[in-house]
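All remarks here apply to the structure that follows.
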Protein chains: 2
Amino acid sequence: MAAKKRAETMAENREKLIAAARKAFARKGFAAASMDELTAEAGLTRGALYHNFGDKRGLLAAVVNRIDGEMAARARAIGARRDDPWEGLLAEAEAYIEMALEPEVQRIVLLDGPAFLGDPSQWPSQNQCLVATQELVERLVASGFLKPVDPEAAARLLSGTALNAALWIAASEKPAEILPKAVEAFRVLATGLLAPAGAK
Amino acid sequence: MAAKKRAETMAENREKLIAAARKAFARKGFAAASMDELTAEAGLTRGALYHNFGDKRGLLAAVVNRIDGEMAARARAIGARRDDPWEGLLAEAEAYIEMALEPEVQRIVLLDGPAFLGDPSQWPSQNQCLVATQELVERLVASGFLKPVDPEAAARLLSGTALNAALWIAASEKPAEILPKAVEAFRVLATGLLAPAGAK
DNA sequence: TTATTTAACATACACACCGTATGTCAAAAC
DNA sequence: GTTTTGACATACGGTGTGTATGTTAAATAA
């Protein structure tokens with residue numbers, strides 16, 4: 001065996017570093033995580049890190065991008081299971097809320113990400129999610145199911161509300177008790193978008 | 001003149017440090033701000049800082065507490081100007097949205113605060129904004145004007161939605177164009193809380 | 001196959017920063 | 001007037017990031 005191609009081992013090393021960074025960032029937070037420890041746990045040194053990611057923020061960006069992509073895929077899959085588009089939208093948002101129970105998501109994506117990388121809506125991965133829900137809102141508005149709101153604004157506030165609900169849950173001592181209340185409140189708020197019955 | 005009392009100069013120094021920290025944190029972010037520069041600009045040294053605030057996080061906590069208090073006071077004053085409690089609530093939330101346009105608020109309270117101090121609702125300042133809106137929601141629910149939602153959940157998501165709208169606006173290139181769309185979408189979402197007409 | 005180049009990564013170093021331990025001096029207490 | 005307190009300055013150690021330099025194995029060319 002062996003006969004490792006060069007690009008192959010490089011990809012493996014990137015994988016190792018991202019995996020180690022996920023654990024370290026989730027446990028210690030981005031600022032307190034040491035790059036020496038990170039790379040040591042991955043069986044490498046800081047040299048590999050700076051060569052692959054440029055600097056510490058570059059590594060964070062890669063990790064955030066990875067997790068965010070996974071979240072989007074999961075949420076989309078859940079939303080797609082519903083026949084009714086509106087219920088699909090709600091299910092997708094609720095999936096996001098529940099994902100924030102995971103410490104990795106909470107610490108890295110919801111807290112350190114915005115603080116060190118800037119506005120999430122400018123992230124490549126987040127954009128996909130936003131664009132998707134925005135298109136869905138556009139369709140629902142065009143069909144008269146929703147009030148004639150600005151689709152971009154509605155999509156952003158919806159996802160932002162879900163995000164905040166997630167943060168609340170994640171920070172509480174008894175997430176299991178909070179979760180249903182948060183989901184219920186989210187649904188109530190979301191109904192504000194619905195067109196009055198019979199408006200067509 | 002002169003004859004400064006001891007406690008007096010100490011209070012002045014705390015004031016100077018908090019003021020310098022506000023500027024530095026807002027411009028560089030908490031992590032990148034240097035305590036040496038901070039204290040030098042205030043005409044003091046790190047000795048004063050550690051004596052007064054314990055450590056770097058202690059200083060951030062003091063700054064956040066200060067700004068948070070100012071925000072609560074401003075929002076409450078604006079909300080109190082309305083006769084209708086529901087309109088007062090909306091006005092208060094919109095005031096928050098606009099306040100988040102200020103870099104100090106956005107950077108320190110909305111980004112670095114949660115990242116380095118933890119969940120806002122557990123801050124010593126107890127996030128006065130949240131407490132205030134929660135009480136208002138409780139009254140409106142009791143009077144039957146709103147659906148019987150959980151007041152804490154409703155208040156959390158309302159303020160969270162306002163917060164997110166503010167972040168969106170602040171990050172955009174043309175805030176002036178976005179602001180009305182964000183406010184409108186916020187109002188639409190908020191109407192989801194209203195009890196059906198004629199429900200008493 | 002052998003020589004040469006490339007580049008992925010390791011090693012070594014310089015600099016900045018936080019936190020603490022110690023020192024100093026003016027104001028308060030007696 | 002002497003002593004004591006404590007608010008703040010100074011000095012030091014440890015840690016961590018980023019960069020400059022070195023090394024070696026894979027890729028390329030002769």
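Just so you know, these numbers come straight off a predicted model, no measurement behind them. Letters A, B, ... mirror the listed sequences (proteins, then strands); counts begin at 1.
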*Glu37(B) has an atom CD; how far is it from atom P of dC18(C), in whole Å?*
9 Å
*Establish, with yes or no, whether the OP1 or OP2 oxygen of dC9(C) is under 4.0 angstrom from a side-chain nitrogen or oxygen of His51(A).*
no
*Met10(A) has an atom CE; how far is it from atom C1' of dA25(D), in whole Å?*
14 Å
_Gap between atoms CG and C1', on Leu59(A) and dG16(D) respectively (whole Å)_ = 15 Å
*Please check if Ile67(B) and Ile78(B) belong to a single hydrophobic cluster, counting links between Ile, Leu, Val, Met, Phe, Trp and Tyr side chain heavy atoms closer than 4.5 Å.*
no
_Contact nearer the 5' end of DNA chain D, comparing Asp36(A) with Arg14(B)_ = Arg14(B)
*Just how far, in rounded Å, is C1' of dC8(D) from CG of Leu44(B)?*
8 Å
*Quick one: on DNA chain C, does Gly43(A) or Asp55(B) contact a more 5' nucleotide (nearest heavy atom)?*
Gly43(A)
*asked:* Tell me the interatomic distance from Leu17(A), atom CG, to dA10(C), atom C1', rounded to whole angstroms.
replied: 13 Å
*asked:* At 4.0 Å (heavy atoms only), tell me whether Ala33(B) reaches a base, stays on the sugar-phosphate, or touches nothing.
replied: sugar-phosphate
*Between dC17(C) atom P and Arg46(B) atom CZ, what is the distance in whole Å?*
10 Å
*Is Asn52(B) near enough to dA7(D) that one of its side-chain N or O atoms lies under 4.0 angstrom from OP1 or OP2?*
no
*What's the closest nucleotide to the Ser34(B) side chain, out of dC17(C), dC9(C), dT19(D)?*
dC17(C)
*Could you tell me whether the side chain of Phe53(B) reaches within less than 4.5 Å of the side chain of Leu17(B), counting heavy atoms only?*
yes
_Any Asn13(B) side-chain nitrogen or oxygen under 4.0 Å from OP1 or OP2 of dC8(D)_ = yes
*Hey, which of Arg107(B), Arg22(B), Lys56(B) is the one that makes salt bridge (Lys or Arg N to Asp or Glu O under 4.0 Å) with Asp112(B)?*
Arg107(B)
*Between atom CD in Glu12(A) and atom P in dA8(C), what is the gap in whole Å?*
15 Å
*Evaluate whether atom CG of Asp83(B) has more than 12 neighbouring non-hydrogen atoms of other residues, nucleotides or ligands under 6.0 angstrom away.*
no
*Does the side chain of Pro103(B) come within less than 4.5 Å of Phe25(B)'s, by heavy atoms?*
no
*Whole-Å distance between dT17(D) P and Met35(A) CE?*
6 Å
